[in-house]
Amino acid sequence: MSTEVSADATAAVIDAPAAALAPMDLDTAPAETKLSNTAAAAFAPVIHVHAEAITTSEPADDEKEAAPVEEPAPEPKILVRAEVSLTDTAAIKIWRRDADGELCFPEFQDPEFAVPGLMTDKAPLAVCISGGGFRATTLALGWLRGMQHLGLLSKVRYLSVISGASWLGAALCFQPSDNVATFLGPYVGPEECNLKALADVGDNGKSYARAVADAKPVPHYVAGAAITAVQQLRQRLRERLAGLLGISIKEQKEVARHWTTAMADAFLKPFGLGETDKSTIRVPGTQVAAKVEERAAALGRGDRIYDANVQDLPFLIIGQALLLPKEDSKFYPFEWTPLYGGCPALYDNVDPKLGAGWVEALGLNAQLLTNPNTEAAAEEVEVRPMGPASLAEATGISSGYISMMMTATKPDLNDRFQKILGFHSAKVFNMQDWETHDLLLTDGGAYDLYGIFPALRRQLPNIMVFNCNGRSLVTDLEAFSSDKDLPGLFGCGTDSEYNRMHQVFKPEGFNKLFEALKAKKESGEAPVHADHYEVLENKHLGIKGGWTTRVMWVINESMSHWEAKLPQETQAAIKPATPTPKGGLIRGEAGLEEFPYVDTSFMDYTPELVSLLANHAAWMLVSNEQLVRDMLGGSTTGLPADNPVAGSAEPAAVQQ
């Protein structure tokens, strides 16, 4: 019989400095060890500072040895300890597709979760903003600043955000009403965008522009990944040694999600929203809001409860993507909202099965303990939390660009490196056989770059789509087609399978959209175009067809009319004599010379670039004020009168 001991009991045998690992044969070592060893050598100074974080339990006082005196060094917040008691359970609500294939949208169809005024006080409009890292979060700031400047933001019903835009969406939609204008900052016309004015991005903790200008998340993320690599190596060595000695060691309980903590510290923490592990959210005014605190405490998620401001701001939807195990590298939809989350479409021919339905937000990332015992469309089940399900985690997942790209190019490496690189996984139970599986979640742009599919699922009659593109798309049709996501919406891409999974509009709309945006670009105007589209059924995405929506498209393009109004010093700054050389996975600071097509690899913006890019985006809407105002009106056409969609005035109650 083996004796259980702490992992620290074997630490003396393997606690050699990181540099001592260098002689290991990297050609024969497992891939994980190669990465760990390389990281150890590259980040030895950081690892040395954080050596105490590697141990898994604290020895008794009389067993401690005096530590050598070290030079004091600042200690970044790298590791997140998610200590969840496996005895904590609670009842949470679920919603699944009914026998007719209908899926409830609780924010307006479940009386207990219905948001007051959502269907009566807000326009049937969804604002959808694409991903694109720092470029996306800065452009999104400008577009929403423009809506606020026109006095229209509070009238928008939904805000659907992807990847980098989710950082802004999460921080904004949990702002108190009296903070919104300061948070978004004032609109500044091109004539006033001198260098001094551009350098003023507001105050820390109040202005989102200041948060973007101050954000430098890459060092945090890289250091965390390096430390985890060494931790995993040392843990495996301890386990091997313990096996030789006939003893067992306690499993390491650290949960390191470096991407989430890095992004939360940069974009949420300045506004008091940075708790990553023991927090949850709620929507004041809903009946269920009063029931959140007690259950959150029972689930270990009650340290902080963040309130969504749906009275003055849109209802937030953060797009994420699900990944199945190794052999399937396809991406599947997952929506996160302040009330619920889940996979909205039914996938019964994959393993494990996915969808179709929602889980109350408080009960996400949890083990299902009791299977539903009725066929009702909504009921309560008992769950046990298995990790974080916070606001920060939602944005970290949605912006997980690295895991998305690794899956697209090297899917076989996901299982090996997801912990080291801070990829996200969560417990997800499907609503077919009710089995719970540990699945990888990643960047929402993997299947829906523009965040438009949630709006189409809810059958919104008016949709504004903002594309945070990092290069000009309207120079010619080839460039317009180079991003497969946009032609995929119209079934015009070169990949027929991708078209099948993503097409929602008729093909003829694609060329018409290109010609309209190209004409705007050539005339120096804002690249904005609105049109009506018949929606085609897409069963793969859970989107119904046979109705019409109006879409206003806005893309990131240079605008000669706007640039001509800039002060001379600013014009000179955005057109340097010596362009910055391109290249590199993660690059240094981006300044005005990168405007407006800032490469996604830049994750450090100067205040001047933040201001100019945001006001450039805001002007697109300010200069098209009447069209923007028109988007707040209208109704869905081609729908039966009793169809309970988000464009309806009166919601239909869900079957309990």
Side-chain angles (χ1 to χ4, degrees), residues 97 100-103 126 128 130-131 160 162-163 317 319-335 342-357 404-405 407-409 411 430 432 439-460 463 465 467 473 477-514 531-549 551 553 638:
R97 287 190 178 274
D100 297 324
E102 298 290 338
L103 179 61
C128 309
S130 84
S160 177
I162 297 291
S163 197
I317 304 173
Q320 303 173 353
L322 276 168
L323 272 170
L324 293 182
K326 305 174 186 175
E327 64 275 5
D328 186 341
S329 60
K330 296 185 180 69
F331 300 99
Y332 299 88
F334 196 95
E335 293 184 16
C343 179
L346 182 70
Y347 303 99
D348 56 6
N349 59 346
V350 296
D351 184 22
K353 296 177 180 179
L354 298 175
M404 178 186 74
M405 293 306 297
T407 300
T409 57
N430 69 74
Q432 299 172 60
L439 299 180
L440 190 66
L441 290 102
T442 187
D443 196 306
Y447 90 98
D448 182 13
L449 180 62
Y450 307 113
I452 190 175
F453 296 141
L456 294 175
R457 289 189 191 100
R458 291 163 179 78
Q459 296 183 297
L460 269 296
I463 303 172
V465 175
N467 187 359
L473 295 180
L477 189 57
E478 182 179 355
F480 199 60
S481 305
S482 61
D483 184 348
K484 67 178 182 179
D485 297 275
L486 186 54
L489 293 176
F490 295 87
C492 293
T494 57
D495 186 335
S496 59
E497 178 65 8
Y498 189 88
N499 290 340
R500 181 191 69 80
M501 293 190 295
H502 291 81
Q503 184 178 5
V504 289
F505 302 133
K506 291 183 176 180
E508 52 264 32
F510 184 66
N511 279 16
K512 184 178 179 182
L513 175 60
F514 165 69
D531 209 339
H532 288 83
Y533 301 91
E534 179 184 346
V535 179
L536 306 179
E537 182 182 32
N538 188 312
K539 293 183 178 180
H540 179 75
L541 296 173
I543 293 172
K544 292 186 174 182
W547 56 285
T548 302
T549 187
V551 181
W553 307 90

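What you see is a predicted model; the values in this text were computed from it and never measured.
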Engineer: Taking the side chain as C-beta and beyond, is there a heavy-atom pair between Leu513 and Val551 under 4.5 Å?
Structural biologist: no
Engineer: With a 4.5 Å cut-off on side-chain heavy atoms, are Leu536 and Lys506 touching?
Structural biologist: yes
Engineer: Please answer whether the main-chain N or O of Pro344 pairs with a side-chain N or O of Arg97 as donor and acceptor at a distance below 3.5 Å.
Structural biologist: yes
Engineer: Under 4.0 Å between a Lys/Arg side-chain N and an Asp/Glu carboxylate O for Lys484 and Asp495?
Structural biologist: no
Engineer: Any side-chain heavy atom of Trp547 sitting closer than 4.5 Å to one from Leu456?
Structural biologist: yes
Engineer: Within the structure provided, determine whether Tyr347 and Pro333 are in side-chain contact (heavy-atom separation under 4.5 Å).
Structural biologist: yes
Engineer: Between Leu541 and Arg457, does the side chain to side chain contact (heavy atoms under 4.5 Å, CB included) criterion hold? Intermediate values first, please.
Structural biologist: CA-CA 8 Å; Leu541 296 173; Arg457 289 189 191 100; 4.2 Å; yes
Engineer: Considering all heavy atoms of both residues, which atom of Asn538 and which atom of Met501 are nearest to each other, and what is their separation?
Structural biologist: ND2-O, 3.2 Å
Engineer: Let's go through Glu335 and Arg458 carefully: what are the C-alpha distance in whole Å and the side-chain angles of both, what is the deciding distance for salt bridge (charged side-chain N to carboxylate O under 4.0 Å, His left out) to 0.1 Å, and is it a yes or a no?
Structural biologist: CA-CA 12 Å; Glu335 293 184 16; Arg458 291 163 179 78; 2.8 Å; yes
Engineer: State, to 0.1 Å, how close Asp483 and Asp485 come at their nearest heavy-atom pair, and which atoms those are.
Structural biologist: OD1-OD2, 2.8 Å
Engineer: Verify side chain to side chain contact (heavy atoms under 4.5 Å, CB included) between Tyr447 and Ile162, making sure each step is shown before the conclusion.
Structural biologist: CA-CA 10 Å; Tyr447 90 98; Ile162 297 291; 5.9 Å; no
Engineer: How close do Phe510 and Cys492 get, heavy atom to heavy atom, and via which atoms?
Structural biologist: CB-SG, 3.8 Å
Engineer: Would you please name every residue forming a side-chain hydrogen bond (donor to acceptor under 3.5 Å, both in side chains) with Gln503, sequence neighbours left out?
Structural biologist: none
Engineer: Please report the interatomic distance NE2(His502) to CD(Glu497), rounded to the nearest 0.5 Å.
Structural biologist: 10.0 Å
Engineer: Could you check whether any side-chain heavy atom of Asn511 comes within less than 4.5 Å of a side-chain heavy atom of Phe480, counting everything from C-beta outward?
Structural biologist: no
Engineer: Within the structure provided, determine whether Leu489 and Phe453 are in side-chain contact (heavy-atom separation under 4.5 Å).
Structural biologist: yes
Engineer: Run the side chain to side chain contact (heavy atoms under 4.5 Å, CB included) check on Leu473 and Ser482 step by step: do they pass?
Structural biologist: CA-CA 8 Å; Leu473 295 180; Ser482 61; 4.3 Å; yes
Engineer: Taking everything shown except Glu508 itself, do over 12 heavy atoms lie less than 6.0 Å from its CD?
Structural biologist: yes
Engineer: Can you label the angle between the Tyr450 ring and the Trp553 ring as parallel, tilted or perpendicular, going by 30° and 60°?
Structural biologist: perpendicular
Engineer: Provide the closest heavy-atom pair for Ala126 versus Ala455 in the form atom of the first, atom of the second, distance.
Structural biologist: CB-CB, 3.7 Å
Engineer: Roughly how far, to the nearest 0.5 Å, is OH of Tyr332 from NE2 of His540?
Structural biologist: 6.5 Å
Engineer: For residues Phe331 and Asp443, determine if any side-chain heavy atom of one lies less than 4.5 Å from a side-chain heavy atom of the other.
Structural biologist: no
Engineer: Which pair of heavy atoms, one from Gly491 and one from Asn499, lies closest together, and at what distance?
Structural biologist: O-ND2, 3.5 Å
Engineer: Does the side chain to side chain contact (heavy atoms under 4.5 Å, CB included) test come out yes or no for Leu486 and Phe514, once each step is laid out?
Structural biologist: CA-CA 10 Å; Leu486 186 54; Phe514 165 69; over 6 Å; no
Engineer: Please report the interatomic distance CG(Leu346) to NZ(Lys353), rounded to the nearest 0.5 Å.
Structural biologist: 9.0 Å
Engineer: So, do Ser481 and Thr494 sit near enough that their side-chain heavy atoms are less than 4.5 Å apart?
Structural biologist: no
Engineer: Nearest 0.5 angstrom please: Ile317 CD1 to Cys128 SG, how far?
Structural biologist: 8.0 Å
Engineer: Counting N and O atoms only, with roles assigned by atom type, does the side chain of Thr549 sit under 3.5 Å from a partner on the main chain of Leu460, one being a donor and the other an acceptor?
Structural biologist: yes
Engineer: Looking only at non-hydrogen atoms, find the nearest pair between Lys330 and Leu323 and report the distance.
Structural biologist: O-CD2, 3.4 Å
